[in-house]
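Reviewing the structure listed below.
One-based numbering, in listed order, for ligands and for the atoms of each. All heavy atoms count here, side chains included; hydrogens, waters and symmetry mates do not.
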Amino acid sequence: MVVFTDLDGTLLDHDTYSFAPAQPALAALAARAIPVVPVTSKTRAELAPLMAQLGLSGAAIAENGGVIMHAASPSDTKPDIPVTRQTITAALDALPTDLRSPMQCFQDMDIGQIAAVTGLSPDDAARAAAREASEPFLWRKSGPPPATLSEALAKYGLCVTRGGRFFHIVPPRDKAAAIATVLAARQTRPQSWVLGDGPNDVSMLLAADRGALIANAHIDTQALLPAGHCLYISRQSGPAGWHEAIVAFLQAEFG
Ligand SMILES: [Mg+2]
């Protein structure tokens, strides 16, 4: 089996980014040679130091599914990216002014401005800005962006999704589709154990052989689950909930 996991609010504490409570479960998985694959909205540049801290070196999924590193270390493999940043820039350049001018994209800002709007340190802002397959933007008008924006971007094979603070221009490959791509690349399809806490994790959780929704005090993701789902719902949040779910899955699998 392979474990696929969201990071923020799931394997990492929502506020402190600690994963200490999950460490015994990570060790138990490592002892059984069960790989752990991060599936995150972060960029490859943000993911590399985190994976080193977590002791992970295999496959990883970044930018909400837009970037897949199939194996080896994130720094030295060629990532699988369905839509390049150049395509996103071309799509933005082709937008009429009434759609483009209310957008404040990462590429319109310098690192200092990105640090200011995200609250990240300048170094972290630089890593967050190193995007390869998606573009976050603020919408400087009241109400959400109009359907005409989605229609214009669709001509370039791109979609618009809403994150917490930002909207994102993304390729049509979400976290669930990226996991399916990683599983399909294996010679024999492994069982998937998938953990996440947010609304954008629901599709990958429901597609898993074993899925765990990690409790989150900030978002009621459970309200988005269909009736009759068979996900494990953790009692604790963040890495403590991650530990709880992995222990339950190992128990169910191996007794
Ligand atoms: Mg999360």
Side-chain angles (χ1 to χ4, degrees), residues 2-23 25-26 29 36-51 53-54 56 59-69 74 118-120 124-125 127-128 131 133-134 136 159-168 170 173-180 182 192-208 210-226 229 231-246 248-249:
V2 178
V3 173
F4 294 91
T5 182
D6 174 55
L7 294 179
D8 292 349
T10 299
L11 179 52
L12 305 178
D13 183 90
H14 186 273
D15 300 310
T16 66
Y17 299 104
S18 164
F19 60 91
Q23 234 150 4
L26 281 167
L29 292 169
V36 176
V37 178
V39 186
T40 177
S41 61
K42 293 180 188 301
T43 63
R44 233 158 33 106
E46 291 174 288
L47 197 47
L50 266 174
M51 285 183 74
Q53 281 175 36
L54 288 161
L56 304 177
I61 296 169
E63 297 190 44
N64 280 319
V67 177
I68 298 176
M69 288 82 82
T118 57
L120 295 171
D124 287 342
R127 282 189 277 270
R131 310 201 79 83
S134 63
C159 312
V160 178
T161 62
R162 178 166 206 166
R165 181 177 170 77
F166 291 91
F167 293 90
H168 299 265
V170 293
R173 183 170 75 187
D174 66 4
K175 288 180 167 186
I179 289 175
V182 170
S192 62
W193 294 359
V194 182
L195 302 93
D197 72 312
N200 67 340
D201 297 325
V202 168
S203 62
M204 70 172 183
L205 297 181
L206 294 174
R210 293 184 193 279
L213 178 68
I214 306 304
N216 179 326
H218 305 269
I219 331 167
D220 185 11
T221 305
Q222 210 177 327
L224 303 175
L225 299 177
H229 73 79
L231 299 183
Y232 179 90
I233 310 289
S234 78
R235 287 180 303 278
Q236 302 175 84
S237 63
W242 198 91
H243 180 267
E244 186 193 314
I246 292 293
F249 288 175

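- For the residue pair S18 / D13, no side-chain donor-acceptor distance below 3.5 Å is found, with atom types taken as modelled.
- With hydrogens and angles disregarded, a donor-acceptor distance shorter than 3.5 Å links the side chain of E244 to the backbone of R235.
- The aromatic rings of H218 and H14 lie parallel to each other, their planes meeting at an angle below 30°, with 60° marking the opposite boundary.
- S192 contributes no side-chain N or O that, together with a main-chain N or O of A208, makes up a donor-acceptor pair within less than 3.5 Å.
- Legend: protein N/O/S atoms lying under 2.8 Å from the Mg ion (ligand 1), waters omitted, number 3.
- Side-chain contact check for L26 versus W242: some heavy-atom pair is nearer than 4.5 Å.
- Under the 3.5 Å distance criterion, the side-chain polar atoms of T43 are left unmatched by any main-chain donor or acceptor of R131.
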